[in-house]
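Along the sequence shown, the residues carry numbers beginning at 1. Not measured: the values here are computed from a predicted model.
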Amino acid sequence: MTTPKEIVTQFLTAIATEDGDGMMALLDDNAIIITPGSPKVPFNGRFEGKASIAQAFRMFGEYLEIRDHTLKLMFGEGEHVAVIINETSRAKHTDRFIKQDTCWHFHIVDSKIIQWQVFEDTEQVGWAWDDSATRKSE
């Protein structure tokens, strides 16, 4: 049986290689993703089930360009794994950059991710989508 840390490592690899199918394969059919923050950010919210999560992943790709996701630390116990990642990304529609350390918590049951919750600098992420930002035409 694959350990929870191995599942998270596979998920992070799928993110880094933009392997959407690989990411989806690691999720339970009833998985939940929680990305808190400003309602201005198109992909903030709670996404339940694979169809909703697939839509969230499409929005991530449409609105956010990930420049760097460097894993700094992984720790966990039992079914719970957390990672701290140094992230640099760009809000595509405003051309503003987000540089932060973010913590992701994963709950894994039977080798599937049943919940992924993001803890990040929501003020900085909201700033990247601020209405006063100069919008970049795509």
Side-chain angles (χ1 to χ4, degrees):
M1 183 169 184
T2 309
T3 71
K5 286 182 181 176
E6 290 169 334
I7 296 296
V8 171
T9 298
Q10 291 173 19
F11 190 78
L12 295 175
T13 299
I15 290 173
T17 59
E18 299 180 9
D19 178 7
D21 291 338
M23 291 166 56
M24 293 301 291
L26 294 166
L27 297 171
D28 182 79
D29 289 340
N30 298 309
I32 297 170
I33 292 179
I34 302 167
T35 57
S38 170
K40 291 180 181 183
V41 181
F43 50 80
N44 278 350
R46 181 182 180 99
F47 304 91
E48 298 185 28
K50 281 193 170 183
S52 177
I53 292 169
Q55 176 60 24
F57 288 166
R58 282 190 289 278
M59 285 190 291
F60 292 160
E62 180 180 345
Y63 291 100
L64 191 67
E65 174 191 351
I66 297 172
R67 294 281 178 97
D68 181 47
H69 260 207
T70 301
L71 178 65
K72 293 175 73 175
L73 181 64
M74 179 185 293
F75 54 97
E77 188 173 319
E79 299 176 336
H80 298 274
V81 177
V83 296
I84 297 177
I85 295 170
N86 182 265
E87 170 189 303
T88 301
S89 52
R90 180 181 70 87
K92 291 181 180 179
H93 295 292
T94 63
D95 204 29
R96 286 188 172 182
F97 283 84
I98 302 161
K99 295 180 181 187
Q100 66 176 333
D101 285 339
T102 182
C103 181
W104 296 351
H105 168 257
F106 295 90
H107 186 183
I108 291 92
V109 174
D110 296 328
S111 297
K112 294 288 184 176
I113 297 167
I114 65 168
Q115 184 172 327
W116 169 28
Q117 185 164 356
V118 175
F119 299 90
E120 62 186 358
D121 182 348
T122 56
E123 285 294 317
Q124 184 179 176
V125 176
W127 166 83
W129 270 266
D130 190 291
D131 291 337
S132 65
T134 303
R135 297 211 175 260
K136 175 183 155 190
S137 60
E138 298 272 350

Measure across [X] and [Y] and return the closest heavy-atom pair with its distance rounded to 0.1 Å.
X	Y	value
Gln124	Ile98	OE1-CA, 3.4 Å
Met1	Ser111	CG-OG, 3.7 Å
Thr2	Gln10	CG2-NE2, 3.9 Å
Gln100	Asp121	OE1-N, 2.8 Å
Asn44	Ser38	ND2-O, 3.0 Å
Cys103	Ala82	SG-CB, 4.3 Å

* Asked: Among pairs that include at least one residue of residues 5-29, which meet ring-ring contact (aromatic ring centres under 6.0 Å, His included), considering only residues two or more places apart or in two chains?
  -> Phe11-Phe106, Phe11-Trp116
* According to the ring-ring contact (aromatic ring centres under 6.0 Å, His included) rule, which pairs have a member within residues 13-32, sequence neighbours left out? -> none
Do [X] side-chain atoms and [Y] backbone N/O form a donor-acceptor pair below 3.5 Å?
X	Y	result
Glu79	His107	no
Lys92	Gly61	yes
Thr94	Ala128	yes
Arg96	Trp127	yes

Side-chain heavy-atom pair [X], [Y] within 4.5 angstrom cut-off:
X	Y	answer
Val8	Val83	yes
Asp68	Asn86	yes
Tyr63	Trp129	yes

Quick check: is [Y] connected to [X] through a chain of hydrophobic side chains (ILVMFWY, heavy atoms under 4.5 Å apart)?
X	Y	answer
Ile113	Leu71	yes
Ile108	Leu12	yes
Phe60	Val41	yes

Results of side-chain hydrogen bond (donor to acceptor under 3.5 Å, both in side chains) for [X] - residues two or more places apart only:
X	answer
Thr3	Glu6
Asp19	none
Glu65	Arg67, Arg90
Lys112	none

* Asked: Do Met74 and Val81 pass the side-chain contact (heavy atoms from CB on, under 4.5 Å) test, and can you show the C-alpha distance, the side-chain angles, and the key distance before you say yes or no?
  -> CA-CA 7 Å; Met74 179 185 293; Val81 177; 3.8 Å; yes
* Quick one: list whatever passes salt bridge (charged side-chain N to carboxylate O under 4.0 Å, His left out) with Asp101, sequence neighbours left out. =>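 Asp101 satisfies salt bridge (charged side-chain N to carboxylate O under 4.0 Å, His left out) with Lys72 once adjacent residues are dropped.
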* Those residues that, when tested against Arg58, pass salt bridge (charged side-chain N to carboxylate O under 4.0 Å, His left out) (two or more places apart) -> none
* To do: Nearest 0.5 Å please: distance from the CD1 atom of Ile84 over to the OG1 atom of Thr70.
  => 13.5 Å
* To do: Kindly compute the distance separating CD (Glu18) from CD1 (Ile66), expressed to the nearest 0.5 Å.
  =>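 Rounded to the nearest 0.5 Å, the CD-CD1 separation comes to 7.5 Å.
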* Whichever hydrophobic residues join Phe119 through chains of side-chain contacts under 4.5 Å ->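 Taking Ile, Leu, Val, Met, Phe, Trp and Tyr as members, Phe119 stands alone, with no cluster partners.
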Return a table of donor-acceptor pairs under 3.5 angstrom between the side chains of residues 23-36 and protein atoms on other chains or two or more places apart.
residue, atom, partner, partner atom, Å
Asp28, OD2, Asn30, N, 2.9
Thr35, OG1, Phe43, O, 2.8
Thr35, OG1, Gly45, N, 3.2
Thr35, OG1, Gly45, O, 3.4

* Asked: Excluding sequence neighbours, so at least two apart, what forms ring pair (Phe, Tyr, Trp, His ring centres under 6.0 Å) with His105?
  ->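 Scan of His105 (ring pair (Phe, Tyr, Trp, His ring centres under 6.0 Å), adjacent residues dropped) gives His80.
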* Under 6.0 Å from the NZ atom of Lys50, do we count more than 12 heavy atoms belonging to anything else shown? ->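 Check passes, neighbour count above 12.
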* **Under the side-chain contact (heavy atoms from CB on, under 4.5 Å) test, residues paired with Ala16 that sit two or more places apart** =>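 Scan of Ala16 (side-chain contact (heavy atoms from CB on, under 4.5 Å), adjacent residues dropped) gives none.
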